[in-house]
Amino acid sequence: MVMASRRSLWLAAFALAFSAFAGAGHAGETERAQADKPQLEKPLGVVELFTSQGCSSCPPADAFFAELAVQEDLVALSYHVDYWDYLGWRDTLSHKENTERQNDYMRAFGSRSVYTPQAVINGRVHVNGANRGEVDGALARMARGGEGMRVAIKVSRTSDRVIIDAGDAGAGPSDAHVVIVYFEPPQTVKIAEGENSGRKMTYWNAVTGIQTAGMWHGKAQRYELPLSEITKKGGCAVLLQSVGKDGLPGPILGAAFIHKPGSETSLDRKL
């Protein structure tokens, strides 16, 4: 646990970016692609914050993360872990799967232990999630050095499905998993016990589930998901993430948010 001061929580709208998709009617078809709002096909990067309601060092990171979550050029995801629950408060947003993902990252990085608040940037490095300079610096450095989002991801939908179009890598890496990450809409939690007893915190993009939807082999490829599965969730993102032979997560090559019908973006609601 590491303490650091952060700016106050932004009360901005939930950041789900839309991708443009021009739907054209075809003879004999009853469904029509519905136009979405423009989305960056290659955002600046992906920030994955590992945090806990029971960690006294995490509130500054959670507040900083709220700022990241509303930036339209980032895909920001918050993974609440369960290993601080013994301190007197069970994190209401924690999932064992989130802790397992953090442990996988630590093995991939060759680290001896996990910690909070930890921010993993583009699946490549980890830094103190409450340190604005380290997070911003890592994003900028990777963007300049060709370690940012190298593969374009377009998301569109029809009346019954979500369509994900992953671009061509050119001379880059040739294999990656298409990872779907589900998360909650922003919610406020009053913490009654433990190290943060008495605090009332608003948490953004808290991950509830992770699944692999397919493989990408370096060439442009399309994937489809049932829209009914997306509408059951509070929010959803797609990560194009390389995976080592040992099954551990590697660099993230592309990313995008997937919206559900009727949801708003930060473009729709301003401060």
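Computed from a prediction, not measured in an experiment: that's the story for all the values here.
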Answer yes when Glu67 and Arg132 have at least one side-chain N-carboxylate O distance shorter than 4.0 Å, and no when they do not.
-> yes

Is it true that Asp104 and Arg101 make a salt bridge, defined as a side-chain N closer than 4.0 Å to a carboxylate O?
-> no

Keeping the roles fixed (side chain from Gln102, backbone from Tyr115), state whether a donor-acceptor pair exists under 3.5 Å.
-> yes

Report yes if the side chains of Leu77 and Leu239 come closer than 4.5 Å at any heavy-atom pair, otherwise no.
-> yes

Please report the closest heavy-atom contact between Ala206 and His80, naming both atoms and the distance.
-> CB-CD2, 3.9 Å

Shortest non-hydrogen pair, Phe183 vs Cys236, comes out as CE2-N, 3.2 Å

Within the distance-only criterion (no hydrogens, no angle test), does the side chain of Lys42 pair as donor or acceptor with the backbone N or O of Arg150 below 3.5 angstrom?
-> yes

May I ask you to check whether Trp89 and Gln53 show a side-chain donor-acceptor distance below 3.5 Å?
-> yes

With Asn196, the side chain to side chain contact (heavy atoms under 4.5 Å, CB included) member among Pro59, Ser57, Ser52 | Pro59

Quick one: are Trp216 and His177 in side-chain contact, heavy atoms under 4.5 Å?
-> no

Glu48 and Tyr105: side chain donor to acceptor below 3.5 Å | yes

Sub-4.5 Å side-chain heavy-atom contact between Ser159 and Leu227 | no

Is there a donor-acceptor pair under 3.5 Å between the side chain of Tyr223 and the backbone N or O of Val162?
-> no

Do Ser78 and Asn205 have side-chain atoms, one donor and one acceptor, less than 3.5 Å apart?
-> no

Step through it carefully: locate the ring centre of His95, locate the ring centre of Tyr79, and say whether they are under 6.0 Å apart.
-> no

Would you say Ile164 and Ile258 make side-chain contact, with heavy atoms under 4.5 Å?
-> yes

Do you know the tightest heavy-atom contact between Ala176 and Ser242?
-> CB-N, 3.8 Å

